[in-house]
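Each remark here refers to the structure printed beneath this line.
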Amino acid sequence: MADIHNVTEFFFLGLSSNQEVQRVCFVIFLFLYMAIVLGNLLMVVIVAVSRNLGSPMYFFLSSLSFVEICYSSTTAPKLIVDLLAEKKSISVWGCMAQLFFMHFFGGIEMFLLMMMAYDRYVAICKPLHYTSIMNRQVCTVLVGMAWMGGFVHSLAQVLLIFRLPFCGPNIIDHYFCDVLPVLKLVCSDTFLIGLLIVVNGGTLTVISFVVLLSSYAVILFHLRTQSAEGRRKALSTCGSHVTVVVIFFAPCVFIYLRPTATLPIDKMVTVFYTVITPLLNPIIYSLRNAEVKKVIKILCTRATKVDKK
């Protein structure tokens, strides 16, 4: 097997070769990234400081917001810098690190979304036992399991690629290092490795997606026996969760559950789940959640009073 260090760095083609388009994209993505960080950081802060948001659902939501910041930070800052750079390069080690952390935080997000679905299932289908089942210790263990699951998934992806021979070319037709674009640069047969990558990434995505949709289907079925007010509150909360699940998983299924081939539309699809989804999550959860909106209003009122003094 050839040494991976035959190639010491990779070069990205980026989103566009047109400099005017790159300048416009720089402004857009800089604004979007700042909104992602501030929006998700706001969710973390309001859950931490508010006693009204101490339930397990908000504990998971705070964890998800933190992961969203980390997830977008694995690709967005590099993308923003490269939009103004003449040389869009990354070292092999940097590429593997980017690949690892992207799948690490992406995997954590998948597992956290499943934890949140389980939390809603217990809250709606077993309300009398909710506080005993979803106590703080259990929630902490579940979040720890999500991080462990993301680590195992990401480590498997990197180990499948890391020792493959990269002996040229070194041009990646993308704006960050992901498994399929990097796999195209390997100078050996990648059929088996590609199949294992699809099994690891694609199967995890599909299974998680199916489990999530099935769990919410069970919740909706159970809601038939509840009061109109109970159904309204549950549907409002679950509606936010289902929306986030669909906008995150649909692009992931498109990218990772197919043969090891890349398409021209892949860049736009990956922009959606690496930038747009982390931006939409805090907006969706805050706009569709009365308690979150109430806490934000209280904090804004307090901040206004402090400024007047």
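Small disclaimer: the values here were computed from a predicted structure and weren't measured.
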*Take His174 and Phe176 through the ring-ring contact (aromatic ring centres under 6.0 Å, His included) test and state the conclusion after the steps.*
CA-CA 6 Å; His174 218 300; Phe176 70 96; 4.7 Å; yes

*asked:* Do the side chains of Asp173 and Lys267 get close enough for a salt bridge, i.e. N-O under 4.0 angstrom?
replied: yes

*Heavy-atom closest pair, residues Ile69 and Leu41*: CD1-N, 3.7 Å

*Relative to each other, are the rings of Phe104 and Phe100 parallel, tilted or perpendicular (30° and 60° limits)?*
parallel

*Considering only heavy atoms from C-beta outward, does the side chain of Pro165 approach that of Val186 to under 4.5 Å?*
yes

*Cation-pi between Arg136 and Phe59: NZ/CZ under 6.0 Å from ring centre and within 45° of the ring axis?*
yes

_Partner residues of Lys88 under the salt bridge (charged side-chain N to carboxylate O under 4.0 Å, His left out) criterion, sequence neighbours left out_ = none

*Shortest non-hydrogen separation from Leu280 to Ile247 and the atoms involved*: CD1-CD1, 3.9 Å

*In Å and rounded to the nearest 0.5 Å, what is the CZ to OG distance from Phe10 to Ser89?*
11.5 Å

*Quick one: which residue pairs count as a side chain to side chain donor-acceptor pair (under 3.5 Å) with a foot in residues 142-152, not counting sequence neighbours?*
none

_If I compare all heavy atoms of Ser62 with all of Val44, which pair ends up nearest, and what's the gap?_
O-CG2, 3.6 Å

*Applying side chain to side chain donor-acceptor pair (under 3.5 Å) between Asp178 and each of Gln157, His103, Gln98, report the one that passes.*
His103

*For residues Tyr130 and Met57, report the shortest heavy-atom separation together with the two atoms involved.*
OH-N, 4.1 Å

*Show the numbers, then the answer: is there a ring-ring contact (aromatic ring centres under 6.0 Å, His included) between Phe209 and Phe249?*
CA-CA 6 Å; Phe209 192 34; Phe249 277 93; 5.5 Å; yes

*asked:* How close do Tyr175 and Thr274 get, counting heavy atoms only, and between which atoms?
replied: OH-OG1, 3.0 Å

*asked:* With heavy-atom distances below 4.5 Å as the criterion, would you say the side chains of Ile172 and Leu13 are in contact?
replied: no

*Check the side chains of Tyr33 and Thr75 for a donor-acceptor pair under 3.5 angstrom, ignoring hydrogens and angles.*
no

*Do you know the tightest heavy-atom contact between Pro282 and Gly39?*
CB-O, 3.8 Å

